[in-house]
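Here's the structure, in structure tokens; my notes come after.
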Amino acid sequence: MRTPTSQLDFFVDSLPAKPYCTNNLEQGLLIRPKVQAMEMKYIQPNTPWNWTWITEDVDRETGASDWYDRGCPAPNVISENPYNGHAHLFYGLATPIHLQDGRRNKPFRYASAISVALTKQLGADPAYSGLISKNPLNAHWNNDWLDPKPYT
């Protein structure tokens, strides 16, 4: 289990080496080295092989704070659109879920069930794939770095 010095370090360390990213979703996604991608508005938070972040897409004016009112656990990171309040809530996993290991699918099924329950409880977008998220490293969003301890 990792013990990050900060949630920001944990996020940066867990990013793919060459994530999908963009500053404009309508213009499509780019694959860039991590250093360049970290400057973009949108970024791929998980590698294709590991699921380190359960990310929820809450498309309401109160998306950044609804987790509390709806009795959900605190996200580790929140990235909120300053113009409409829509937010991505990031729940960090202390031990990444390996997606390519077909022999050990119980951890993935368990994490998926947690994600489905969070989506329902938060009233988040059930069609959100989690491939691309608001980049909490980008100052375009209102970013809150909450609990530095990832979930086990």
Side-chain angles (χ1 to χ4, degrees), residues 1-22 25 28-60 62-81 86-138 141 143-152:
M1 176 162 79
R2 295 186 244 186
T3 307
T5 55
S6 74
Q7 198 60 310
L8 183 123
D9 291 340
F10 181 63
F11 187 82
V12 170
D13 290 348
S14 69
L15 288 172
K18 292 186 176 182
Y20 286 110
C21 58
T22 188
L25 291 172
L29 300 175
L30 306 167
I31 297 174
R32 294 283 184 256
K34 183 192 294 193
V35 173
Q36 292 175 353
M38 290 186 331
E39 297 176 6
M40 301 284 198
K41 285 184 192 177
Y42 300 92
I43 197 164
Q44 175 187 359
N46 292 306
T47 72
W49 304 278
N50 292 318
W51 198 17
T52 306
W53 296 95
I54 295 175
T55 309
E56 298 294 333
D57 179 26
V58 185
D59 294 328
R60 285 188 302 281
T62 56
S65 60
D66 279 355
W67 63 269
Y68 182 81
D69 295 333
R70 292 172 176 251
C72 292
N76 300 102
V77 184
I78 299 171
S79 289
E80 176 188 30
N81 184 323
H86 296 190
H88 283 159
L89 282 59
F90 297 81
Y91 292 86
L93 303 177
T95 303
I97 306 296
H98 299 288
L99 304 176
Q100 302 297 319
D101 188 356
R103 296 167 293 165
R104 293 185 33 97
N105 64 3
K106 286 183 182 179
F108 176 72
R109 288 190 358 231
Y110 183 63
S112 295
I114 291 170
S115 179
V116 168
L118 277 171
T119 299
K120 287 180 183 178
Q121 191 73 18
L122 288 165
D125 182 354
Y128 174 65
S129 71
L131 176 65
I132 297 295
S133 67
K134 292 172 175 63
N135 183 357
L137 304 172
N138 190 291
W141 312 113
N143 298 304
D144 289 321
W145 297 83
L146 302 177
D147 189 354
K149 185 178 177 185
Y151 287 90
T152 56

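Between N143 and S79 the shortest side-chain heavy-atom distance falls below 4.5 Å. A 4.5 Å side-chain heavy-atom check between T52 and T47 finds every atom pair outside the cut-off. A 4.5 Å side-chain heavy-atom check between E56 and T119 finds at least one atom pair inside the cut-off. Side chains of I78 and W67 form a contact here, defined as non-hydrogen atoms less than 4.5 Å apart. Side-chain atoms of N46 and L99, non-hydrogen and from C-beta on, never get closer than 4.5 Å to each other. Contact annotation: the side chain of T55 approaches that of P45 to within less than 4.5 Å [non-hydrogen atoms, C-beta and beyond]. Looking at heavy atoms from C-beta onward, W51 lies in side-chain contact with S112 at the 4.5 angstrom threshold.
Shown are H88, K134, H86; of these, the side-chain hydrogen bond (donor to acceptor under 3.5 Å, both in side chains) with D57 is made only by H88.
With Y91 contributing its side chain and P73 its backbone, the two residues share a donor-acceptor pair below 3.5 Å. A donor-acceptor pair under 3.5 Å links the side-chain atoms of N76 to the main chain of G92, judged by distance alone. Checking side-chain atoms of K34 against main-chain N and O of V12 turns up a donor-acceptor pair under 3.5 Å. Between the S115 side chain and the A111 main chain, no donor and acceptor come within less than 3.5 Å of each other.
Considering CG of L25 and CD1 of I132, their distance stands at 7.5 Å, rounded to 0.5 Å. With rounding to the nearest 0.5 angstrom, the CG atom of L122 is 7.5 Å from the CG atom of D66. Put simply, CG on L93 and CD1 on I114 are 8.0 Å apart, with the number rounded to the nearest 0.5 Å. The line from CE of M38 to CD1 of I43 is 7.5 Å long, rounded to the nearest 0.5 Å. In this structure, the separation between OG1 on T95 and CG on N50 is 10.5 Å, given to the nearest 0.5 Å. In this structure, OG1 in T62 is found 7.5 Å from CG in D69, a value given to the nearest 0.5 Å.
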Determine, step by step, whether M40 and L30 satisfy the side chain to side chain contact (heavy atoms under 4.5 Å, CB included) criterion, reporting the C-alpha distance in whole Å, the side-chain angles of both residues, the deciding distance to 0.1 Å, and the verdict. CA-CA 10 Å; M40 301 284 198; L30 306 167; 4.0 Å; yes
Do Y20 and I31 pass the side chain to side chain contact (heavy atoms under 4.5 Å, CB included) test, and can you show the C-alpha distance, the side-chain angles, and the key distance before you say yes or no? CA-CA 5 Å; Y20 286 110; I31 297 174; 3.6 Å; yes
Begin from the C-alpha positions of Y42 and W141 and carry the test side chain to side chain contact (heavy atoms under 4.5 Å, CB included) through to its verdict. CA-CA 10 Å; Y42 300 92; W141 312 113; 3.4 Å; yes
Any chance you could lay out the side chain to side chain contact (heavy atoms under 4.5 Å, CB included) test for L131 and Q44, step after step, and finish with the verdict? CA-CA 6 Å; L131 176 65; Q44 175 187 359; 4.2 Å; yes
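Annotation for S6 and D9: closest pair OG-N, 3.1 Å, computed over non-hydrogen atoms. Between Q7 and V77, the closest heavy-atom pair is CG-CG2, 3.7 Å. The nearest pair of heavy atoms linking C21 to A37 is SG-CB, 3.7 Å. Between T22 and G28, the shortest heavy-atom distance links the atoms OG1-O, 2.9 Å. For the pair C72 and Q121, the tightest heavy-atom approach, listed with the atom from each and the gap, is SG-CG, 3.1 Å.
The aromatic ring centroids of F10 and W53 lie less than 6.0 Å from each other.
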